[in-house]
Number of protein chains: 2
Amino acid sequence: MNSATRQKIVDAAMELFWVKGFQSTSISDILSRTQVHSGSLYHFFPGKQDVLVAVLETYRDEIENRLLAYAWAGVDDPIDKIFALLNGYRIGLVSSDFMYGCPIGNLALELHEPDPRVRELLDANFRNWVGAVEQCLVDAGDRIPADTDRKALAEFILTVMEGAIMQARTARDIGVFDRNVEVLRKHLDLLMQRAKVPN
Amino acid sequence: MNSATRQKIVDAAMELFWVKGFQSTSISDILSRTQVHSGSLYHFFPGKQDVLVAVLETYRDEIENRLLAYAWAGVDDPIDKIFALLNGYRIGLVSSDFMYGCPIGNLALELHEPDPRVRELLDANFRNWVGAVEQCLVDAGDRIPADTDRKALAEFILTVMEGAIMQARTARDIGVFDRNVEVLRKHLDLLMQRAKVPN
DNA sequence: TGACCATTTGAACGCTCACTCAAATATTTG
DNA sequence: CAAATATTTGAGTGAGCGTTCAAATGGTCA
């Protein structure tokens with residue numbers, strides 16, 4: 001079931017959907033990049049939507065290996081991990097001249113009436129990401145006030161990441177990304193300050 | 001130059017691009033909704049991209065009349081205005097069953113290699129929005145610490161709006177939107193608290 | 001070897017898309 | 001009114017899209 005051809009298709013589609021979006025990527029884009037013929041693609045996938053489903057399943061299943069392991073290499077402190085993760089996206093933006101944003105966020109706003117499977121996979125990817133950040137906040141223990149909703153704050157950090165990328169890509173200026181991260185850092189500083197001296 | 005037909009086309013395209021996105025909206029979608037024939041559309045616009053340009057120019061020029069006047073009706077306090085603006089988007093989401101997000105944010109992430117005119121107009125729309133919120137923060141005067149970067153905070157508020165909408169639409173759950181706004185409110189509360197008792 | 005199934009090949013199909021254009025009609029202007 | 005210009009009509013075009021399918025090839029196992 002998981003032939004090399006199938007994997008080549010998913011890998012190419014992952015890259016193309018990221019850079020060009022789903023609708024702007026044609027089946028023949030995928031075929032020419034993979035040197036696969038259309039019949040082979042349709043042997044493994046009923047249609048284009050199913051390629052997208054496979055791509056989103058891969059993101060969901062590989063968040064540890066493809067994203068977190070890379071961003072968190074050599075980082076132990078849970079609060080540092082949060083900013084290291086954001087910095088991973090920053091590097092992607094800068095090194096690609098603002099081509100590489102968040103592949104999930106892109107698709108989430110591009111697809112207006114998505115296939116239920118696609119919508120659920122986008123959501124699952126967001127919840128995975130939020131869960132990873134939430135774990136960092138839990139690991140931060142009493143450095144953060146006890147009454148702080150960790151999950152809500154993790155969702156907020158995803159929001160900051162997505163909004164910062166959106167603005168930086170549109171302005172083609174990393175400054176707005178950095179300023180967004182600085183405001184987030186300020187917020188966490190204020191929370192941590194308040195945890196030290198409860199008021 | 002500004003005939004009624006041209007305006008009908010822009011209005012219909014504004015709605016369709018909002019609900020379906022740019023690429024999923026066909027010229028014939030616009031024609032059938034407006035009862036205009038293709039030759040008329042191409043009499044006023046060289047191509048589909050130029051319809052998008054006209055739409056984005058309208059958003060840019062009409063932010064006061066179409067967005068702020070509505071959201072800020074009866075609201076005077078500058079901090080309240082910020083949350084009233086966010087609440088405007090909340091109402092759009094809920095009342096449309098998550099169809100109406102942010103039209104500018106949608107397009108910003110849908111179009112990966114936009115026409116320079118389009119990219120600049122998207123950016124101009126963001127800067128307009130940020131400018132309006134920045135003015136609220138300036139009007140808040142010394143309720144906010146003097147060393148707070150008002151523009152950076154306004155950009156951050158745009159980020160929160162965009163990220164909150166993205167997650168709420170994907171989850172089809174307004175809860176995540178509300179939690180995001182609550183965290184933002186917490187941040188502003190902490191800032192205002194710090195402005196009262198400088199530390 | 002031969003039968004069976006998985007995979008590959010690549011031409012072809014139907015459809016929708018953005019867009020064109022010549023002719024008809026309405027409006028403006030002198 | 002007459003001429004010029006602006007606008008509308010709507011059939012038509014070519015290109016690209018996702019998808020199909022019958023035939024060829026490759027691998028597995030009795």
Side-chain angles (χ1 to χ4, degrees), chain A residues 1-57 106-107 110-119 121, chain B residues 1-57 106-107 110-119 121:
Chain A
M1 190 56 169
N2 239 1
S3 80
T5 300
R6 197 192 125 100
Q7 194 57 49
K8 273 206 299 183
I9 293 167
V10 171
D11 286 340
M14 210 173 324
E15 166 86 7
L16 286 164
F17 293 165
W18 194 3
V19 172
K20 306 183 56 171
F22 176 69
Q23 311 197 71
S24 296
T25 298
S26 67
I27 294 288
S28 73
D29 285 337
I30 299 174
L31 298 180
S32 66
R33 174 167 298 212
T34 52
Q35 309 271 45
V36 164
H37 297 262
S38 64
S40 289
L41 189 148
Y42 283 95
H43 174 74
F44 292 106
F45 301 99
K48 194 186 177 190
Q49 291 266 5
D50 303 273
V51 178
L52 175 59
V53 165
V55 164
L56 290 172
E57 285 171 345
N106 289 348
L107 292 165
E110 179 189 348
L111 306 167
H112 288 244
E113 283 168 352
D115 188 317
R117 293 174 303 163
V118 170
R119 210 218 88 240
L121 280 165
Chain B
M1 191 56 168
N2 239 2
S3 81
T5 300
R6 198 193 124 100
Q7 195 57 49
K8 273 206 298 182
I9 291 166
V10 172
D11 286 341
M14 211 174 323
E15 165 86 7
L16 285 164
F17 293 165
W18 194 3
V19 172
K20 306 182 57 170
F22 176 69
Q23 310 197 72
S24 296
T25 297
S26 67
I27 295 289
S28 74
D29 284 337
I30 299 173
L31 299 179
S32 67
R33 174 167 299 212
T34 53
Q35 309 272 46
V36 163
H37 298 261
S38 65
S40 288
L41 188 148
Y42 284 96
H43 175 74
F44 292 105
F45 301 98
K48 193 186 176 188
Q49 290 267 5
D50 303 273
V51 178
L52 175 59
V53 165
V55 164
L56 290 172
E57 285 171 345
N106 289 348
L107 292 165
E110 179 189 348
L111 306 167
H112 288 245
E113 284 168 352
D115 189 318
R117 292 174 302 162
V118 169
R119 209 218 88 240
L121 280 164

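The chains referred to below are lettered A, B, ... by the order of the sequence lines, with proteins before strands, and numbering in each begins at 1.
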Enquirer: Could you tabulate the donor-acceptor pairs under 3.5 Å formed by side-chain atoms of residues 112-119 of chain B, not counting sequence neighbours?
Expert:
| residue | atom | partner | partner atom | Å |
| --- | --- | --- | --- | --- |
| B:H112 | ND1 | A:V19 | O | 3.0 |
| B:H112 | NE2 | B:L109 | O | 3.3 |
| B:D115 | OD1 | B:R117 | N | 3.0 |
| B:D115 | OD1 | B:R117 | NE | 3.4 |
| B:D115 | OD2 | B:R117 | NE | 3.4 |
| B:D115 | OD2 | B:R117 | NH2 | 2.9 |
| B:R117 | NH1 | B:D50 | OD1 | 3.0 |
| B:R119 | NE | A:T170 | O | 2.7 |

Enquirer: Are any side-chain N or O atoms of B:S28 and backbone N or O atoms of B:L31, one a donor and one an acceptor, separated by less than 3.5 Å?
Expert: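 A pair under 3.5 Å: no.
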Enquirer: Rounded to whole Å, how long is the line connecting atom OH of B:Y42 with atom P of D:dT7?
Expert: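 It is 18 Å, rounded to the nearest whole Å.
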Enquirer: Determine the minimum heavy-atom distance between A:F44 and A:P46, stating which atoms define it.
Expert: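 Closest heavy-atom pair between A:F44 and A:P46: O-CD, 4.1 Å.
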Enquirer: Side chain of A:E110, backbone of A:F22: donor and acceptor closer than 3.5 Å?
Expert: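 Judged by distance alone, yes, a pair lies under 3.5 Å.
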Enquirer: Can a donor-acceptor pair be found, under 3.5 Å and without considering hydrogens, that links the side chain of B:K8 to the backbone of B:T34?
Expert: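 Yes, the answer is positive, given that a donor and an acceptor are paired below the 3.5 Å cut-off.
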Enquirer: Heavy atoms, side chains only, cut-off 4.5 Å: are B:V53 and B:E57 in contact?
Expert: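 Yes; the side chains approach each other to less than 4.5 Å.
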Enquirer: To the nearest 10 degrees, what angle separates the axes at the start and end of the helix from C:dT1-D:dA30 to C:dG30-D:dC1, five pairs each?
Expert: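 What I find for the helix from C:dT1-D:dA30 to C:dG30-D:dC1 is an axis angle of 10°.
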Enquirer: Atom NZ of A:K8 and atom P of C:dT7: how far apart are they, to the nearest Å?
Expert: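 Whole-Å distance recorded here is 14 Å.
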Enquirer: Picking from B:L52, B:I30, B:I27, B:I9, what satisfies side-chain contact (heavy atoms from CB on, under 4.5 Å) with B:F45?
Expert: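 Among B:L52, B:I30, B:I27, B:I9, the one that satisfies the side-chain contact (heavy atoms from CB on, under 4.5 Å) with B:F45 is B:I9.
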Enquirer: Anything under 3.5 Å between a protein N or O and an N or O of nucleotides 8-17 of chain C, put it in a table, one pair a line.
Expert:
| residue | atom | partner | partner atom | Å |
| --- | --- | --- | --- | --- |
| C:dT8 | OP1 | A:T5 | OG1 | 2.6 |
| C:dG10 | OP2 | A:H37 | NE2 | 3.4 |
| C:dG10 | O6 | A:G39 | N | 2.8 |
| C:dA11 | N6 | A:S38 | OG | 3.1 |

Enquirer: When you compare the side chain of B:L107 with that of B:V55, does any pair of heavy atoms fall below 4.5 Å?
Expert: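 Heavy-atom side-chain distance check fails, nothing below 4.5 Å.
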